[in-house]
**Student:** 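The following block contains the structure, expressed as structure tokens.
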Amino acid sequence: MTTMTEASVREFKMPDVGEGLTEAEILKWYVQPGDTVTDGQVVCEVETAKAAVELPIPYDGVVRDLHFPEGTTVDVGTAIIAVDVGGGSAAPAPAAERPAAAEPAEEPKAAGSGRQPVLVGYGVATSSTRRRPRKGPEVPVQQASAAIQTELNGHAPAAPAATPAAAPAAPAGPERPLAKPPVRKLAKDLGVDLTTVVPTGPDGIITREDVHAAVAAAVPAVPEPQAASAPAAVEAPASYDTTRETRIPVKGVRKATAAAMVGSAFTAPHVTEFVTVDVTRTMKLVEELKADKEFTGLRVNPLLLIAKALLVAIRRNPDVNASWDEAAQEIVVKHYVNLGIAAATPRGLIVPNIKDAHAKTLPQLAESLGELVATARDGKTSPAAMQGGTVTITNVGVFGVDTGTPILNPGESAILAVGAIKPQPWVHKGKVKPRQVTTLALSFDHRLVDGELGSKVLADVAAILEQPKRLITWA
């Protein structure tokens with residue numbers, strides 16, 4: 001039997017499958033120790049903060065060891081699988097011989113691998129990869145909520161003790177703490193001194209969770225009642241059900257969505273406007289398009305025409321398609337539209353976008369919408385498909401909801417919520433008749449979209465859906 005040597009073992013490290021990602025959870029292994037793999041073969045599926053991604057192995061050889069079981073969250077740059085590329089024995093190495101996860105075997109560095117972490121969009125550090133220190137016990141929800149509510153009411157929480165014995169040890173490094181601009185703004189809004197915050201992010205970067213933890217830690221503890229007045233311990237009744245609660249770990253897509261929504265709500269001043277519109281003619285056009293040969297094999301529904309109406313409204317009001325550059329204090333107007341479509345998936349809400357949607361014909365837009373929905377339903381949406389969006393549509397009507405006040409996708413200027421379309425009494429040509437009616441809600445960033453511009457966009461969308469022939473006359 002041929003004996004494997006350490007020189008023939010290649011370690012495949014968790015790659016950065018999306019710009020700026022720092023970790024991923026291993027969802028499923030498709031191979032086991034002893035299996036033969038070839039270059040390009042998918043060996044596992046991982047979930048990042050943006051999507052589920054299948055990882056191909058870049059080697060030919062025999063799997064020697066899987067360093068982590070399914071369900072483990074692994075830092076980018078950490079070795080996850082060992083492959084014997086020397087044609088040796090297929091037997092996995094004993095546990096004592098396996099390389100430690102925190103000290104993966106060195107690989108030749110690719111060109112440009114000397115990239116250093118930056119505050120936005122940082123990649124993998126060139127230093128040896130190490131596991132991030134685990135955070136302490138989670139702060140109770142009631143305590144964290146009380147801390148945030150205190151800030152919203154204008155009463156600053158008590159400052160942390162300033163004595164050297166009580167202050168947390170600051171990490172070694174530059175005097176100015178490392179944190180992304182949104183995190184710095186959050187700390188400023190909550191009255192947190194970043195020099196007192198213990199970072200848990202990679203390379204000593206302070207995260208939003210670190211800031212919230214600092215706020216919660218600064219809230220004075222509620223004094224406990226005196227022993228003399230404390231009631232005697234009471235046993236739980238026999239009927240008490242200890243299984244009435246379920247705790248679900250927040251990670252991957254759900255964690256990223258939660259952080260993004262909190263960041264958006266606290267960063268961009270939201271304004272939401274509403275309009276109720278008769279879409280009877282639009283619904284008739286949907287039925288006609290279904291029978292049109294140009295749409296054979298394509299999914300035609302009201303969302304298709306709503307998306308096209310929004311694109312026409314943006315063309316008529318181009319300044320709404322913009323973003324806010326906080327560092328430069330500039331409004332960046334986009335001359336393209338990457339149209340995001342909010343999609344509910346088993347892993348949480350994701351918002352993939354249709355690239356250059358403004359340049360697509362109606363059949364092309366229908367094809368892109370169909371592919372986007374199918375890919376999201378299968379959990380195969382790539383990180384690239386969720387980057388670079390400019391405006392978004394969220395269809396809450398599919399749940400029977402009339403309307404809502406949607407929160408902006410970070411970096412975008414507007415989001416359109418579409419309510420349920422249902423028959424309602426409506427004055428049509430001077431008479432009350434049953435008509436197909438819906439309510440639209442447009443949320444926009446008031447830093448770059450004023451009330452006039454936001455109202456024009458929403459009014460244009462409503463006008464097109466009421467008289468869909470405007471898709472032609474306004475084109």
**Student:** For Gly404 and Thr272, which heavy atoms make the closest approach, and how far apart are they?
**Tutor:**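 Heavy atoms of Gly404 and Thr272 come nearest at O-CG2, 4.3 Å.
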**Student:** Nearest 0.5 Å, please: how far is CD in Gln364 from CG in Leu369?
**Tutor:**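 Interatomic distance, Leu369 CG to Gln364 CD, rounded to 0.5 Å: 12.0 Å.
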**Student:** Answer yes or no: is there a donor N or O on one side and an acceptor on the other, between the side chain of Thr280 and the main chain of Gln436, under 3.5 Å?
**Tutor:**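 A pair under 3.5 Å: yes.
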**Student:** Taking it one step at a time, do Leu194 and Val211 satisfy side chain to side chain contact (heavy atoms under 4.5 Å, CB included)?
**Tutor:** CA-CA 8 Å; Leu194 287 179; Val211 174; 4.2 Å; yes
**Student:** Has Asp325 got a side-chain atom pairing as donor or acceptor with Glu330's backbone, closer than 3.5 angstrom?
**Tutor:**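 No, Asp325 side chain to Glu330 backbone: no donor-acceptor pair under 3.5 Å.
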**Student:** Would you mind reporting whether Leu440 and Val418 have side-chain heavy atoms less than 4.5 Å apart?
**Tutor:**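 When only atoms from C-beta onward are counted, Leu440 and Val418 do touch, with a gap below 4.5 Å.
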**Student:** Minimum heavy-atom separation for Pro69 to Trp29, with atom names?
**Tutor:**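 Taking every non-hydrogen atom into account, C-NE1, 4.2 Å.
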**Student:** If only atom types and distance count, is the side chain of Arg470 paired as donor or acceptor with the main-chain N or O of Ala463 below 3.5 Å?
**Tutor:**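 Yes.
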**Student:** At their closest point, which heavy atom of Ala376 faces which heavy atom of Thr381, and how far apart are they?
**Tutor:**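 That would be CA-OG1, 3.3 Å.
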**Student:** Give the C-alpha distance, both sets of side-chain angles, the deciding distance and a yes or no for side chain to side chain contact (heavy atoms under 4.5 Å, CB included) between Phe68 and Thr78.
**Tutor:** CA-CA 10 Å; Phe68 298 96; Thr78 302; 3.8 Å; yes
**Student:** Keeping to residues at least two apart or across chains, list the side-chain hydrogen bond (donor to acceptor under 3.5 Å, both in side chains) pairs with something in residues 393-405.
**Tutor:**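 Found Asp402-Lys422.
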**Student:** Which value, rounded to the nearest 0.5 Å, describes the distance between Leu339 atom CG and Ile393 atom CD1?
**Tutor:**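 The CG atom of Leu339 sits 4.5 Å away from the CD1 atom of Ile393.
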**Student:** A side-chain contact here means heavy atoms from C-beta on lying under 4.5 Å apart; do Glu209 and Thr200 qualify?
**Tutor:**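 A side-chain contact is absent here, since even the closest heavy-atom pair is not under 4.5 Å.
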**Student:** In Å and rounded to the nearest 0.5 Å, what is the OH to OG1 distance from Tyr59 to Thr38?
**Tutor:**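 With rounding to 0.5 Å, OH (Tyr59) is 14.0 Å from OG1 (Thr38).
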**Student:** Assess the side chains of Thr439 and Thr276: does a donor N or O sit below 3.5 Å from an acceptor N or O?
**Tutor:**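 Checked: Thr439/Thr276 side chains pair up, N/O donor to acceptor below 3.5 Å.
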**Student:** For residues Pro199 and Ile206, report the shortest heavy-atom separation together with the two atoms involved.
**Tutor:**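 Closest approach of Pro199 to Ile206: CB-CG1, 3.7 Å.
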**Student:** Which atom names give the shortest non-hydrogen contact between Leu365 and Ala307, and what distance separates them?
**Tutor:**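 Reported closest heavy-atom pair: CD2-CB, 4.2 Å.
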**Student:** Got more than 12 heavy atoms from elsewhere within 6.0 Å of NZ, Lys456?
**Tutor:**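 At most 12 heavy atoms, drawn from other residues, nucleotides or ligands, come within 6.0 Å of this atom.
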**Student:** Taking the side chain as everything from C-beta on, heavy atoms only, tell me whether Arg315 gets closer than 4.5 Å to Val337.
**Tutor:**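 With C-beta onward as the side chain, the pair stays apart.
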**Student:** Return the CZ to CG distance between Arg10 and Asp60, rounded to the nearest 0.5 Å.
**Tutor:**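 So the CZ of Arg10 and the CG of Asp60 are separated by 11.5 Å.
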**Student:** Identify the heavy atoms of Pro468 and Leu285 that sit nearest to each other, and give their distance.
**Tutor:**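 Where Pro468 meets Leu285 most closely, the heavy atoms are CB-CD2, 3.7 Å.
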**Student:** Output yes when a side-chain donor or acceptor of Gln467 lies under 3.5 Å from a complementary backbone atom of Ile464, and no otherwise.
**Tutor:**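 No.
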**Student:** Any side-chain heavy atom of Ile415 within less than 4.5 Å of one from Ile407?
**Tutor:**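 Ile415 vs Ile407: side chains apart.
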**Student:** Apply the test side chain to side chain contact (heavy atoms under 4.5 Å, CB included) to residues Asp356 and Lys360: give CA-CA distance (whole Å), side-chain angles for both, the deciding distance (0.1 Å), then the verdict.
**Tutor:** CA-CA 7 Å; Asp356 294 324; Lys360 294 183 180 294; 5.7 Å; no
**Student:** Compare all side-chain heavy atoms of Asn317 with those of Leu453 and state whether any distance is below 4.5 angstrom.
**Tutor:**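 Touching, per the 4.5 Å side-chain cut-off.
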**Student:** Side chains of Ile80 and Cys44: does their closest heavy-atom pair fall under 4.5 Å?
**Tutor:**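 Sidechains of Cys44 and Ile80: in contact.
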**Student:** Out of curiosity, Asn301 CG to Met283 CE, how far, rounded to the nearest 0.5 Å?
**Tutor:**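 So the CG of Asn301 and the CE of Met283 are separated by 9.0 Å.
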**Student:** By the definition side-chain hydrogen bond (donor to acceptor under 3.5 Å, both in side chains), identify the one residue from Thr392, Asn321, Asn353, Thr390 that meets it with Glu412.
**Tutor:**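 The side-chain hydrogen bond (donor to acceptor under 3.5 Å, both in side chains) with Glu412 is passed solely by Thr392 among Thr392, Asn321, Asn353, Thr390.
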**Student:** Side chains of Arg435 and Arg281: closer than 4.5 Å at any heavy-atom pair?
**Tutor:**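 In short, these two side chains touch, coming nearer than 4.5 Å.
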**Student:** If you measure from CG on Leu362 to CD on Glu294, what distance do you get to the nearest 0.5 Å?
**Tutor:**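 CD of Glu294 is found 10.5 Å from CG of Leu362.
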**Student:** Salt bridge between Lys380 and Glu45, side-chain N to carboxylate O under 4.0 Å?
**Tutor:**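 Salt bridge present between Lys380 and Glu45.
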**Student:** Could you give me the CA-CA distance, side-chain angles and deciding distance for Val63 and Phe12, then say whether side chain to side chain contact (heavy atoms under 4.5 Å, CB included) is met?
**Tutor:** CA-CA 11 Å; Val63 177; Phe12 177 56; over 6 Å; no
**Student:** Is any side-chain heavy atom of Leu305 closer than 4.5 Å to one of Leu289?
**Tutor:**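 Side chain of Leu289 against side chain of Leu305, heavy atoms only: contact under 4.5 Å found.
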**Student:** Check this for me: does any side-chain nitrogen of one of Lys284 and Glu287 sit under 4.0 Å from a carboxylate oxygen of the other?
**Tutor:**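 Glu287 and Lys284: not salt-bridged.
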**Student:** So, the side chain of Gln41 versus the backbone of Ile57: is there a donor-acceptor pair under 3.5 Å, distance only?
**Tutor:**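 Such a contact is absent between Gln41 side chain and Ile57 backbone.
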